[in-house]
Amino acid sequence: MSYQSCLFNDAQKSVLKYTPRHHHILAEKYISLLKNQTDTIVYLTLKNNLSYWYFIKSCNDNQLTGFVKLNEKWVYKTILLSNILEFC
């Protein structure tokens, strides 16, 4: 299921093509910074080495709920906080 109701301008689209460098990334020990975030876009690297932009719709003590950017579409996905290796 793709999320079509979010429109981005050209500047926002160019940022979402960027892959953050190591010195921009926070390690898993800072995961608590993600808790209680809503309507926030972050770049996640999971422990299985998958990396992508993630639009957080909600977060609780255990998981993120939101959308993963796959090519030009946003696809609904929940992610356990314990599976996150790095983020920015």
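Since the model is a prediction, treat every value here as computed from it, not as a measurement.
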ask   = Roughly how far apart are Trp53 CH2 and Cys88 SG, rounded to 0.5 Å?
value = 5.5 Å

Chi angles and distances behind the side chain to side chain contact (heavy atoms under 4.5 Å, CB included) call for Leu64, Leu44 = CA-CA 11 Å; Leu64 297 175; Leu44 299 177; 3.9 Å; yes

task = For atom CG of Asn48, decide whether the heavy atoms of other residues, nucleotides or ligands shown that lie under 6.0 angstrom number more than 12.
result = yes

request  = Using side-chain contact (heavy atoms from CB on, under 4.5 Å) as the criterion, list what pairs up with Gln63, not counting sequence neighbours.
outcome  = Asn60, Thr65, Thr78, Leu80

task = Would you please name every residue forming a side-chain contact (heavy atoms from CB on, under 4.5 Å) with Asp61, sequence neighbours left out?
result = Lys35

ask   = In Å, rounded to the nearest 0.5 Å, how long is the span from CG of Leu34 to CD1 of Ile84?
value = 5.5 Å

task = Apply the test side chain to side chain contact (heavy atoms under 4.5 Å, CB included) to residues Ile41 and Ile56: give CA-CA distance (whole Å), side-chain angles for both, the deciding distance (0.1 Å), then the verdict.
result = CA-CA 6 Å; Ile41 296 176; Ile56 302 171; over 6 Å; no

ask   = Quick one: are Leu81 and Cys59 in side-chain contact, heavy atoms under 4.5 Å?
value = yes

note = Here the pair of heavy atoms bringing Val68 nearest to Lys77 is CG2-CD, 3.5 Å

key: With sequence neighbours excluded, residues passing side-chain contact (heavy atoms from CB on, under 4.5 Å) with Ser51   = Tyr43, Thr45

query = Rounded to the nearest 0.5 Å, how far apart are NZ of Lys73 and CG of Leu70?
reply = 10.0 Å

ask   = When rounded to the nearest 0.5 angstrom, what distance separates OG in Ser82 from CG in Asn62?
value = 8.0 Å

remark   = To the nearest 0.5 Å, atom CH2 of Trp74 lies from atom OH of Tyr54 at 10.0 Å

task = Only counting residues at least two apart or in another chain, list the ones meeting side-chain contact (heavy atoms from CB on, under 4.5 Å) with Asp39.
result = Phe55, Lys57

request  = List the steps, then state whether side chain to side chain contact (heavy atoms under 4.5 Å, CB included) holds for Leu46 with Leu85.
outcome  = CA-CA 5 Å; Leu46 303 181; Leu85 179 64; 6.0 Å; no

